[in-house]
Asker: 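Can you keep this structure in mind? I'll have questions shortly.
Just so it is clear, the structure is predicted and the values come from calculations on it, not from any experiment. All values below come from the heavy atoms of this structure, side chains included, with hydrogens, waters and symmetry mates left out.
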Amino acid sequence: MADQIAVDSAVSSTTVPSTSTLKVNLDAPRFDQSTFSGRAKHFFTITDPRNLLATSSQLEEAKSLVLQYRLGKLASSVTEDQLWQAKSLYDSAFHPDTGEKMFLIGRMSAQVPMNMTITGFMMTFYKTTPAVVFWQWINQSFNAIVNYTNRSGDSPIPVRTLGLSYVLATTAATGTALGLNSIVKNIASPLIGRYVPFAAVAAANCINIPCMRSRELTNGIPINDENGNRVGESRRAATLAITQVVVSRIVMAMPGMAIPPIIMNYMEQKGILLKRFPWTAAPLQIGIIGVSLVFATPLCCAIFPQKSSMSVKLLEPEVRDKLPDSTTRVYFNKGL
C-alpha cells in the first residue's frame, strides 16, 4: 500500500504550476522487453495481487497521472519512481488497446489468488463425477472471463462466440477429465490419477482460447510498424498471437498442477497429517499451488514478448503489398 500512497501523493501534487522535465517512455515497459528477465520483472509488477486492493479512485488517479505526463502537464514534484508506480497500477487495470477498465477477476493481478483457489479444489476433488463436472465448469468460467478481458485488439467479442467457446471448452475439459479418470482407475497408480486435472486444463486451453478469439482469426488483429503506427490488420499475426498464448497458459499451469500431486501422494502414503486431519487436503494444496503460481504466472507470461513481432514475409500477400518496402517487421499485442 506504500506504492498507492506514493501515487496518491504524486497526483495531489499536480496542482503545482511548474511542469516536470522527466524523460520517460511510457509507451514501453520500464524493463527491457527484449530479454526474458526484463519481461519477467514487468509481469511480476502486472500480476502482483496487491494491485487488486487499489480503489477505483486510486486507479483513476494513476490513469490521470499517466495522461498528464503524456500531455506534458505533469507537476515537477513527481519523481520517476512515482510515475512508474502509477503506470504499473494503470497497466494492471486498464486494457492496453482499448484503454477500458478491465473486469476485476479478469485482470492479471487476479490470476494467482483465483487460480490457486480453483486449482486447489479441482485437484482435491477429482475422483467423483459431480466434483469433476463442477470444478471444471468453475475453472472454464474463470478462463472465459480472463480470455475475454485480455483479448487482443479493439474488436468486441460477440456474445454468440463467447457462449460457443465457453461451452466447447467446458465440454472438452469435463470430457477429458472423466474419460481419463475412468482409464487411470483401472490401469494406473494413484499418482497418475492426480494429473488428470492438468490434462483436462491443457485440452480446454487448446479449444477455449482459439474459440474465444475466433473473431481475430477471421478479421485479423492490429499490426504496427516499428514506430508504433498502425499499418493494418493481419489474420496470420492473430494465429501467431493465439498460439503463443495457448503455449504460455499450458506451461503456466504445469508447476501448480505437477508439483502438488507428488507432495500430496507422498503425504497420503506416509500417513502424514492427511489421515488424521483429512480436511487439511484442500487448504494444503491451495497453499502449495499458490506458492507455485506466484512465480509461474509472471515467468510464463514472459516466455513471449507482449509486443510480439513477425517478419513482413509471413504476412498475407494483400497485407504485405500495402506496406512500404522499408518495413521488414510488424508488431502486435499478443494478448494474455
Side-chain angles (χ1 to χ4, degrees), residues 23-43 46 63 66-67 69-72 87 90-91 94-100 102 108 146-158 161-162 165 205-206 208-251 300-336:
K23 300 296 181 182
V24 176
N25 181 14
L26 291 186
D27 292 324
R30 185 176 191 177
F31 306 104
D32 182 8
Q33 297 299 284
S34 65
T35 66
F36 176 78
S37 62
R39 295 194 296 271
K41 291 177 182 178
H42 169 69
F43 280 107
I46 296 299
K63 179 180 180 180
V66 171
L67 293 178
Y69 175 79
R70 294 186 187 281
L71 295 173
K87 181 61 164 54
Y90 172 79
D91 286 344
F94 294 91
H95 193 279
D97 287 337
T98 65
E100 297 177 350
M102 295 183 287
M108 292 308 295
V146 174
N147 292 338
Y148 179 81
T149 303
N150 294 281
R151 65 198 182 281
S152 176
D154 49 15
S155 299
I157 299 178
T161 301
L162 183 66
S165 62
N205 275 329
C206 292
N208 193 2
I209 298 172
C211 286
M212 186 71 68
R213 296 173 59 175
S214 60
R215 187 180 179 88
E216 298 174 22
L217 294 172
T218 302
N219 301 329
I221 59 175
I223 53 174
N224 305 313
D225 61 21
E226 60 182 5
N227 297 316
N229 300 311
R230 184 164 174 170
V231 294
E233 292 79 31
S234 169
R235 295 185 301 276
R236 292 185 181 177
T239 300
L240 178 58
I242 292 171
T243 300
Q244 291 177 343
V245 171
V246 170
V247 172
S248 296
R249 291 283 186 90
I250 293 176
V251 176
C300 292
C301 284
I303 293 176
F304 301 104
Q306 182 63 31
K307 184 180 179 181
S308 290
S309 67
M310 65 187 300
S311 171
V312 169
K313 297 178 181 179
L314 300 178
L315 293 172
E316 303 91 320
E318 64 272 19
V319 177
R320 184 172 60 243
D321 292 343
K322 295 179 182 179
L323 301 177
D325 295 336
S326 58
T327 302
T328 58
R329 296 193 72 81
V330 292
Y331 301 84
F332 53 89
N333 172 31
K334 70 175 176 62
L336 288 171

Asker: Looking at every heavy atom in both Arg235 and Thr218, which two are closest together, and how far apart are they?
Answerer: CD-O, 3.1 Å
Asker: Can you tell me how far apart OG (Ser309) and CG (Asn224) are? Round to the nearest 0.5 Å.
Answerer: 11.5 Å
Asker: When rounded to the nearest 0.5 angstrom, what is the spacing between CZ in Arg249 and CD1 in Ile303?
Answerer: 12.5 Å
Asker: Where is the tightest heavy-atom contact between Cys206 and Ile250, given as atom of each residue plus distance?
Answerer: SG-CD1, 4.0 Å
Asker: Atom CG of Asp91 and atom CD1 of Ile46: how far apart are they, to the nearest 0.5 Å?
Answerer: 4.5 Å
Asker: Does anything in residues 236-248 pair up under side-chain hydrogen bond (donor to acceptor under 3.5 Å, both in side chains), and if so which pairs, sequence neighbours excluded?
Answerer: Gln244-Ser308
Asker: Do Asp32 side-chain atoms and Ser34 backbone N/O form a donor-acceptor pair below 3.5 Å?
Answerer: yes
Asker: Within a strict 4.5 Å, meaning less than it, do heavy atoms of the Phe332 and Met310 side chains meet?
Answerer: yes
Asker: Short question: side chain of Lys87, backbone of Leu26 - any donor-acceptor pair under 3.5 Å?
Answerer: yes
Asker: Might you point out which heavy atoms bring Ser234 and Glu316 nearest each other, and give the distance in Å?
Answerer: OG-OE1, 2.8 Å
Asker: How long is the span from the CD atom in Glu100 to the NE2 atom in His95, to the nearest 0.5 Å?
Answerer: 8.5 Å
Asker: Looking only at heavy atoms, what is the nearest atom pair of Lys307 and Tyr331, with distance?
Answerer: CE-CB, 3.6 Å
Asker: Write down the atom of Gly99, the atom of Lys63, and the distance for their closest heavy-atom approach.
Answerer: O-NZ, 4.1 Å
Asker: Are more than 12 heavy atoms, taken from residues, nucleotides or ligands other than Glu226, located less than 6.0 Å from that residue's CD atom?
Answerer: no
Asker: Flag the pair Lys322 / Val231 as yes when at least one side-chain heavy-atom distance between them is below 4.5 Å, and no otherwise.
Answerer: no
Asker: Please confirm whether the backbone N or O of Gln306 pairs with a side-chain atom of Gln33, one donor and one acceptor, at under 3.5 Å?
Answerer: no
Asker: Donor-acceptor pair, distance only, cut-off 3.5 Å: does the side chain of Arg320 make one with the backbone of Lys313?
Answerer: yes
Asker: Of all the heavy-atom pairs spanning Tyr69 and Val24, show the shortest one and how long it is.
Answerer: OH-N, 2.5 Å
Asker: At what distance, to the nearest 0.5 angstrom, does CZ of Phe31 lie from OG of Ser37?
Answerer: 10.0 Å
Asker: Is the shortest heavy-atom distance from the side chain of Ile223 to the side chain of Val319 under 4.5 Å?
Answerer: yes
Asker: Working to the nearest 0.5 angstrom, can you tell me the gap between Leu67 CG and Tyr90 OH?
Answerer: 6.0 Å
